[in-house]
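For this chain, numbers begin at 1 and follow the sequence in order.
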Amino acid sequence: MKRLGISVYLNNNDLEKNLEYINLASRYGFEIVFTTLISTKDLNFDKYFDNFVYLVKHANNIGMKVIVDVEPHILSKLNISYDNLYKLSDIGLYGIRLDLGYSGIEESIMSFNDFGLKIVVNMSNGSKYIENILSYKPNIDNIIGCHNFYPHKYTGLSYEHFSKCSRQFKALGIRTAAFISSSEAMFGPWPVSEGLCTLEMHRDLPIETQAKHLFATELIDDVIIANAYASEDELKKLSLLNKYKLEFKVNLVDNITDTDKKIVLEEFHYVRGDVSEYLLRSTQSRIKYKDYKFLPYNVIDIKRGDILIDTYLYKNYAGELQIALKDMKNTGKTNVVGRIDENEIFLLDYLKPWTKFGFVENK
């Protein structure tokens, strides 16, 4: 099950606004609330913690699950021991994320708590930390891996490192999470605010493209907006996202025929198993529409990211939908019927043989 989440931070002391944001996200189907106890000031900790408890109970009452970022010294401040997590469960927490962890045996013991509390471990460092925890035989059902987020521009993870760390966890059967950034939100747990994402390449991308990418990697189960407060439009776009099938935003040509438009937007598409380096092919439409005469009307040269439908001049290929992987000379037999949004062309790399995909018209 893939899930969406938001983040809220109480260090601005605006409890009511956080509660309103949680309510809004819940209405759009978000399931996770991420927050932190790390960035609070010591002098305000008691008030901060009271607000935190109230927030957790409110989120629970509307069916959302709260994960809180902590460190061992925070737990000590609350008189909570790694081998007795009752107080956290009593608050109603779903999970605690250990931004800084213990030695491995403690995390293993924590995973056997009687309350089903999830122990969320940092998965951005690329160390043998998780293997060390597993060597102590934890209850793996209560272990989740979660990446860091990065408020400073250019400090986010490279895709190569992200992939390496994420595969390490997925190979062990551990649930994973990562963060995306709202372009509308300006607030996070730290004073710096230049976006708040896990992957540096996401920092200036539309929020729904960031989420599509994380889900398309098949390495991330939970996608969480790291900064607050995302706009309602952003929440709506994410709520409409297909978490299990990559759906590209596409700009269709003005003179596209009704039949071609229906093929692009309504037919079920998957990549043929015998892939070409030039084209991704979805062939079922040529069977369904074999009696329709596909006339040429936009036979311009082809660019990577173009959506193509073969005309009757290609005989038995007529009606086949294709996505261009490379720039090509048009033979005069293929209509360019649309183009994938420029921000999402890089997602073509995630379409493998038999991958299911679709299109949503960019309006």
Side-chain angles (χ1 to χ4, degrees), residues 1-9 18-19 21-36 55-69 92-98 111 115-124 139-149 162 165-167 169-170 172-182 185 196-199 202 205-247 347 350 356:
M1 181 179 65
K2 298 178 185 296
R3 303 179 296 190
L4 291 168
I6 59 166
S7 301
V8 295
Y9 304 101
N18 282 319
L19 298 180
Y21 184 49
I22 290 171
N23 291 342
L24 180 63
S26 176
R27 290 200 294 272
Y28 281 105
F30 285 66
E31 300 179 62
I32 297 171
V33 178
F34 178 86
T35 190
T36 183
L55 183 148
V56 173
K57 292 188 180 299
H58 176 82
N60 285 342
N61 286 338
I62 59 173
M64 298 188 79
K65 304 176 187 300
V66 180
I67 297 173
V68 64
D69 214 17
L93 283 171
Y94 169 73
I96 57 171
R97 182 180 184 271
L98 301 173
S111 74
F115 323 109
L117 186 69
K118 306 304 180 186
I119 309 304
V120 186
V121 299
N122 190 331
M123 61 184 283
S124 290
N139 176 2
I140 199 168
D141 289 340
N142 282 338
I143 301 286
I144 296 176
C146 180
H147 277 288
N148 286 335
F149 48 58
F162 162 85
C165 295
S166 301
R167 290 182 189 282
F169 278 70
K170 290 302 286 184
L172 297 168
I174 296 173
R175 188 173 189 88
T176 58
F179 294 95
I180 57 176
S181 181
S182 161
L196 200 57
C197 45
T198 292
L199 274 165
H202 284 172
L205 287 177
I207 196 168
E208 67 272 24
T209 302
Q210 298 173 53
K212 284 182 188 181
H213 183 210
L214 291 180
F215 286 135
T217 66
E218 298 184 346
L219 298 173
I220 299 299
D221 301 302
D222 298 329
V223 172
I224 304 169
I225 306 171
N227 48 357
Y229 304 94
S231 68
E232 183 169 359
D233 183 60
E234 289 178 318
L235 296 178
K236 181 178 180 180
K237 286 178 178 178
L238 289 174
S239 73
L240 296 173
L241 201 66
N242 191 323
K243 305 182 191 73
Y244 301 94
K245 182 176 74 173
L246 186 51
E247 293 182 334
L347 296 175
Y350 297 90
K356 315 310 181 283

* To the nearest 0.5 Å, tell me how far Leu199 CG sits from Ile180 CD1. => 11.0 Å

* At their closest point, which heavy atom of Cys146 faces which heavy atom of Arg97, and how far apart are they? -> O-NH2, 3.1 Å

* Atom pair OH/OG1 of Tyr9 and Thr36 - distance to nearest 0.5 Å -> 7.5 Å

* Asked: If you round to the nearest 0.5 Å, how far is OH of Tyr28 from CG of Leu238?
  -> 11.5 Å

* Mind checking the CG-CG spacing from Leu93 to Leu117? Nearest 0.5 Å is all I need. => 6.5 Å

* **side chain to side chain donor-acceptor pair (under 3.5 Å) partners for Thr209, two or more places apart** => Glu344

* Please list all pairs passing the salt bridge (Lys or Arg N to Asp or Glu O under 4.0 Å) test where one or both residues lie in residues 222-232, with sequence neighbours left out. => Arg3-Asp222, Arg175-Asp222

* Quick one: salt bridge (Lys or Arg N to Asp or Glu O under 4.0 Å) partners of Lys170, sequence neighbours excluded? -> Asp221

* To the nearest 0.5 angstrom, please state how far the OG atom of Ser182 sits from the CD1 atom of Ile6. => 11.5 Å

* Asked: What residues form a salt bridge (Lys or Arg N to Asp or Glu O under 4.0 Å) with Lys237, not counting sequence neighbours?
  -> Asp233

* Test salt bridge (Lys or Arg N to Asp or Glu O under 4.0 Å) applied to Glu208 - qualifying residues, sequence neighbours left out -> Lys249

* Side chains of Tyr229 and Asn18: is there a donor and an acceptor less than 3.5 Å apart? -> yes

* Asked: Which distance, rounded to the nearest 0.5 Å, do you find between the NZ of Lys212 and the CG of Leu205?
  -> 11.5 Å

* Asked: Does NZ belonging to Lys65 count more than 12 external heavy atoms closer than 6.0 Å?
  -> no

* Asked: Do any N or O atoms from the side chain of Thr198 and from the backbone of Phe179 form a donor-acceptor pair under 3.5 angstrom?
  -> yes

* salt bridge (Lys or Arg N to Asp or Glu O under 4.0 Å) contacts in which one or both residues fall within residues 23-33, not counting sequence neighbours -> none

